[in-house]
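Encoded as structure tokens, the structure appears first; notes follow it.
Proteins come first, then strands; the chains are lettered A, B, ... in the order of their sequence lines, and each starts at number 1. Predicted, not measured: the structure shown is a model, and the values here were computed from it.
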Amino acid sequence: MTQTSQTGDETGREERNERTRIERYDAVSIEPRWQARWAESGLYRTDLHDTTRPRYYLLTMYPYPSGDIHIGHWYTKTPTDALARYRRMHGYNVFFPIGFDAFGLPAENAAIKNKVNPRAWTLQNIENMRRQLRTMGATFDWDAEVVTCDPAYYRWNQWLFLQFLKAGLAYRAKAPVDWCPNDGTLAREQVEGTDRRCWRCGAQVEKRDLEQWWFRTTRYADELLDFTGIDWPEPIRIMQTNWIGRSEGGEIVFTTAPSDHHAGGEELRVFTTRPDTLFGATFMVLAPEHPLVEALTAPGRRAEVAAYVARARIATEIERLSTDREKSGVAIGAEAVNPVNGERIPIFIADYVLAGYGTGAIMAVPAHDERDFAFATRFGLPIRRVVAAPGTEGAPMTEAYIAHAADERLVNSGPYTGMPADEGGRAITAALAERGLGKAAITYRIRDWLISRQRYWGTPIPIIHCDRCGAVPVPDEDLPVLLPETVDYHGSGDNPLARDEAFLRVTCPSCEGPARRETDTLDTFIDSSWYWFRYLSPEKAGGPVDTALVDRWTPVDQYTGGAEHAVMHLLYSRFFTKAMRDIGLLHENEPFRRLFNQGQILGADGERMSKSRGNVQDPDELVQRYGADTVRLFLMFMGPWDQGGPWSPTGIGGISRFLNRVWTVAMDPHGRDAGDPEAGQLPAEQDRAAAEAALRSAAHRALRDVTADYEGFRFNTMVARLMELCNVLVRYRGTEAAGGEAWDEAVRLLLLMLAPAAPHITEELWSRRLAAAGRAPFSIHTERWPDVDPTAVVEETREVPVQVNGKLRDKVVVPADVTDADLELMVLAAPKVIAALAGKTPDRVIVAGGGRLVNLVVH
RNA sequence: GCCGGAGUGGCGGAACUGGCAGACGCGCCGCACUCAAAAUGCGGUGACCGCAAGGUCGUGUGGGUUCGAUCCCCUCCUCCGGCACCA
């Protein structure tokens, strides 16, 4: 007896275990199977020529192949993949490509450090990253892949460079670079410390002028300020606007005064936004690099001036530009003549005046400019007020007066005295213009784009230098100029290409005399400035882009990526689009119609994830433990996508449990859980019909909200809504409401809504459910996104919170279609409201938000 | 210094257009199931007072507007991002 009973128990337990094991959600076995099936069936290969459906070009910033995918890549890419799937379910022909930003410094550094070939290092990393990217279950169209270090890609960088050159959009000019006497040119990050030492040999680094290549970004300055037609986040637009930095003012011509060492009469042009303050100019400042400095310097001042110029060359950018630093400068022993009153003012050079902005020279008006004020104070120069609000004319100045008071007037300004400042400014500019001594002018902070890099691992600039013919473009038929495979990149800091004789020596295409190749390579930002166009025809041999496809498929409908690229990459991409338009390759003005900047995942320590800090989270181990769907959902659930934040795996178990519950309600509607005292019973006051109505209502309300959340990139609340719906299903599981039509519809909607975010489990459950129903269409990801049934969403009754003097006192349940007047009566009859009113009559009754809340005001 | 963004329970976060602060999840507490544990399920969980009913306080700080403010305005503080003498 005892024995039998024991055996019976054991059999029962085994049966249960057997059953749970078979039914268990096992992500690790499901996921690779579906990934293989999707790849085989070509589900995500986009037919770019299909015109039967509207196009949708979804672009995620392509990764740098650093070697390993980390959780940050998942964070940026899996929600974008969810969007791709979501759009497909809406009937769009979605193009969602991926590639690799494969040129750049890390490969070169790895080469030097580990004695590996940069190409081999990069290609191996790419291979590894492809494998890891596939584990995301993302719907990348791998057929469109672009790898920028492939000659098939970078030859078009070269071609575009030559076209830009032809169109006057590229040019060659001198520019200062960081120069080490031992190691040659250095990248900015190779200059260390405030005293500017070479990272390798420790020698003092200086600026040296080298001939370098530029793109004329300034030509598009005004057009780049125009954001009409693109839907970009306000902060990014502000950042770009500030970066371009348009300012309006005037250019005023001073002349040099004659002196005992100098005949005078040279023009000195200054740019100012405040021509109204011209009478307050008490000295002039030139940038140390200003071309006239040498000619104007008095013999007795030469030594001091030369020393100052030399010092300015070594100063770090930061040091030089720091606002806190005390002003420095020296007088050059010459004077300038103010065109408006003939006054002679001394000329200084000072490094607070920048050679690259405006004309590299300023008229200094210490009374009305902070920097000039600081300089004048330091060197004991006169400060003359020329703008004043009434009553402040004679007041001593302790700081520059900049603010614009409405009633301020010009003072000490000759014939202009008494005019409002802005009017006076216009009058002064006009008078000077008449005499040819000034004009209205606009300057920009943005500079042309310096594209030369003294680096190996990049696109060779297709130029040949000939002593007779100068800089000669490489003929089209000789493109690409291939990057030599094996060079000696282990040597000193100079560009290895410059030491490669085989690469260097070449005959001039023009005169066939001996010549040498350009050894600089292109800035890698060029690679990323047009790569999305190339995705459309990665194999195309006759040109960089297929114009017809570009016209049909761009601008990119949605671009997602980090805000750290707010200025550089996104501005260069806009420049390229306009430049490519102007040389006839395409017809759009903007590259990306809509932009979303997701946040960044930091290490658990709150710092940027990096191998050197040892705070990198490897997604592989999470995927092996929980499955890709769980990791995807967890990253989406963490918080708003644009926020990012420190990585913490805390809570991933909650997502895992959620997917298990989804599995359970989909697979086993009639099962019951031990431990629930009410298991199998409908909630009190609900019959089966009411329960089914509640199920439908919950499903359709979830659908309404989840749809809005996908549209708004609110993945965290999207997941939360799905959890709520799942919780409702769990509540009804095992009751008489389970397994019916309403139940099935709710499960179906849950799976469809979850499919973009968790593609594997939903595909598995979808196929099992349909197989059980005798059908097996593939796949859930080609299903149409469901429509909300508005009738399912309306509710019969509504709970209205009641406040007395703004404090919550009661809630009343009223019919959904109650009138304001009836609502007021019902509210006044509520017992707690009566108590709170303590016998008084309300002075005001406010029914707010269409009956959403009632507030009673009583004194 | 200037320009952006953000500060909400023990934690991640939610709150539509000015209308119930804390959805959803984590953690924690209690219970059920179990010989036991794990897993799972059920219930609770902002703070303070109270046996309870209930009350008071509460969205970085201080003020303002409003019947009503996490939300709008002003002051200040902290953190993050960008720019950094741009005349």
Side-chain angles (χ1 to χ4, degrees), chain A residues 13 20 233-239 241-243 245 247 249 270-274 277 285 317-318 320-325 327 350-354 356-365 368-372 374-375 443-447 563-564 566-567 599-600 602 606 634 637-640 642-646 648 650-655 657-658 660-661 664 672-679 705 708 714 716-724 727 730 799-808 810-811 832 835 842-850 852-858:
Chain A
R13 198 174 309 138
T20 46
E234 178 84 22
I236 302 287
R237 299 206 310 262
I238 290 171
M239 267 192 255
T241 302
N242 292 342
W243 182 268
S247 62
V270 301
F271 173 75
T272 180
T273 54
R274 297 289 306 275
T277 63
V285 186
E317 302 277 317
I318 294 164
R320 179 165 173 184
L321 300 177
S322 163
T323 333
D324 307 333
R325 195 168 64 113
K327 295 274 178 290
D351 62 10
Y352 83 89
V353 172
L354 307 174
Y357 185 79
T359 59
I362 62 157
M363 64 176 202
V365 184
H368 304 291
D369 182 281
E370 274 179 54
R371 298 150 298 180
D372 298 343
F375 192 86
T443 50
Y444 300 88
R445 212 188 70 102
I446 191 175
R447 314 287 165 82
E564 65 273 21
V567 174
Q600 200 173 28
L602 306 171
F634 178 60
F637 186 63
M638 271 175 43
D642 57 0
Q643 209 169 283
S648 163
T650 312
I652 193 169
I655 297 291
R657 282 193 281 278
F658 164 59
N660 273 300
R661 284 199 300 274
T664 306
R672 293 180 188 182
D673 291 301
D676 180 358
E678 289 169 33
D705 294 348
R714 292 183 296 268
N716 56 332
T717 51
M718 176 272 288
V719 176
R721 291 291 161 268
L722 292 177
M723 286 174 166
E724 279 180 300
N727 290 344
V730 167
E799 194 181 53
V800 178
V802 185
Q803 296 178 341
V804 176
N805 289 336
K807 289 192 176 184
L808 183 70
D810 201 0
K811 296 176 184 183
K832 285 184 198 162
D843 301 303
R844 267 180 84 183
V845 178
I846 294 151
V847 179
R852 241 182 316 173
L853 171 144
V854 177
N855 190 15
L856 307 173
V857 186
V858 62

Apply side-chain contact (heavy atoms from CB on, under 4.5 Å) to A:A361 and list each qualifying residue two or more places apart in sequence or on a separate chain.
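With neighbours one apart ignored, the set is A:V270, A:L286, A:H290, A:T359.
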Could you work out, with side-chain contact (heavy atoms from CB on, under 4.5 Å) as the rule, every residue matching A:T273, not counting sequence neighbours?
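With sequence neighbours excluded, A:T273 shows a side-chain contact (heavy atoms from CB on, under 4.5 Å) to A:S247, A:F271, given in chain and number order.
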Quick one: [X] [atom1] to [N] [atom2], roughly how many Å, whole number?
{"X": "A:E724", "N": "B:A14", "atom1": "CD", "atom2": "C1'", "answer": "10 Å"}
{"X": "A:F634", "N": "B:G13", "atom1": "CZ", "atom2": "P", "answer": "11 Å"}
{"X": "A:W243", "N": "B:G81", "atom1": "CH2", "atom2": "C1'", "answer": "14 Å"}
{"X": "A:M718", "N": "B:C24", "atom1": "CE", "atom2": "P", "answer": "17 Å"}
{"X": "A:N660", "N": "B:U40", "atom1": "CG", "atom2": "P", "answer": "7 Å"}
{"X": "A:R657", "N": "B:C42", "atom1": "CZ", "atom2": "P", "answer": "12 Å"}
{"X": "A:L808", "N": "B:C57", "atom1": "CG", "atom2": "P", "answer": "13 Å"}
{"X": "A:R445", "N": "B:G82", "atom1": "CZ", "atom2": "P", "answer": "14 Å"}

Who passes side-chain hydrogen bond (donor to acceptor under 3.5 Å, both in side chains) against A:T443, sequence neighbours left out?
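Scan of A:T443 (side-chain hydrogen bond (donor to acceptor under 3.5 Å, both in side chains), adjacent residues dropped) gives A:Y357.
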Between [N] and [M], how far apart are the two [atom1] atoms, rounded to whole Å?
{"N": "B:G68", "M": "B:U78", "atom1": "P", "value": "32 Å"}
{"N": "B:C72", "M": "B:U17", "atom1": "C1'", "value": "12 Å"}
{"N": "B:C83", "M": "B:G19", "atom1": "P", "value": "37 Å"}
{"N": "B:A6", "M": "B:G13", "atom1": "P", "value": "13 Å"}
{"N": "B:G10", "M": "B:C16", "atom1": "C1'", "value": "29 Å"}
{"N": "B:C20", "M": "B:C80", "atom1": "P", "value": "33 Å"}
{"N": "B:G63", "M": "B:C51", "atom1": "P", "value": "34 Å"}
{"N": "B:A47", "M": "B:G22", "atom1": "C1'", "value": "13 Å"}

Shorter than 3.5 Å, N or O on both sides, protein versus nucleotides 6-12 of chain B: list them out with atom names.
residue, atom, partner, partner atom, Å
B:G12, O2', A:M638, O, 2.5

Using a cut-off of 4.0 Å on non-hydrogen atoms, how would the nucleic acid contact of A:S247 be classed: base, sugar-phosphate, or nothing?
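Touches sugar-phosphate only.
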Applying a 4.0 Å non-hydrogen cut-off, can you work out what A:K807 is touching in the nucleic acid: base, sugar-phosphate, or nothing?
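Counting heavy atoms under 4.0 Å across all strands, the contact made by A:K807 is with sugar-phosphate only.
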Non-hydrogen side-chain atoms of [X] and [Y] separated by less than 4.5 Å:
{"X": "A:F637", "Y": "A:M723", "result": "yes"}
{"X": "A:N716", "Y": "A:P640", "result": "yes"}
{"X": "A:V845", "Y": "A:V854", "result": "yes"}
{"X": "A:L808", "Y": "A:V802", "result": "no"}
{"X": "A:V719", "Y": "A:F634", "result": "no"}
{"X": "A:R445", "Y": "A:N242", "result": "no"}
{"X": "A:V800", "Y": "A:R852", "result": "no"}

Proximal nucleotide (of [options]) relative to the [X] side chain:
{"X": "A:T272", "options": "B:C3, B:G4, B:A87", "answer": "B:A87"}
{"X": "A:L853", "options": "B:A87, B:G25, B:G19", "answer": "B:G19"}
{"X": "A:A720", "options": "B:C20, B:A23, B:A87", "answer": "B:A23"}
{"X": "A:N727", "options": "B:C42, B:C20, B:G25", "answer": "B:G25"}
{"X": "A:R661", "options": "B:G13, B:C20, B:G41", "answer": "B:G41"}

Please work out the stems of RNA chain B from pairs that are Watson-Crick or G-U wobble with both distances under 3.5 Å, keeping only runs of three or more consecutive pairs.
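Paired runs of 3+ in RNA chain B: B:1-7 with B:77-83, B:10-12 with B:24-26, B:27-32 with B:40-45, B:46-49 with B:54-57, B:62-64 with B:72-74.
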May I ask you to check if A:K327 and A:F375 form a cation-pi contact, with NZ or CZ under 6.0 angstrom from the six-membered ring centre and within 45° of the axis?
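Relative to the ring axis of A:F375, which defines the angle, A:K327 lies outside at least one limit.
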Say whether, by atom type as modelled, one donor and one acceptor occur between the side chain of A:D372 and the main chain of A:V365 under 3.5 angstrom.
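Judged by distance alone, yes, a pair lies under 3.5 Å.
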Treating A:R714 as the side-chain partner and A:A708 as the backbone partner, does any N or O pair qualify as donor plus acceptor under 3.5 Å?
yes
Taking donor-acceptor contacts at under 3.5 Å, does the side chain of A:R852 reach the base of B:C16?
yes
Is B:G60 syn or is it anti, if syn means the base angle is within 90 degrees of 0?
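What B:G60 shows is an anti base, its glycosidic angle lying more than 90° from 0.
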Assess whether atom CD of A:E370 is packed by more than 12 heavy atoms of other residues, nucleotides or ligands within 6.0 Å.
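Open.
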Could you pull out the protein-nucleic contacts involving nucleotides 67-70 of chain B (nitrogen or oxygen on both sides, under 3.5 Å)?
residue, atom, partner, partner atom, Å
B:C67, OP1, A:R844, NH1, 3.4
B:C67, O2', A:N855, ND2, 3.3
B:C67, O2, A:N855, ND2, 2.6

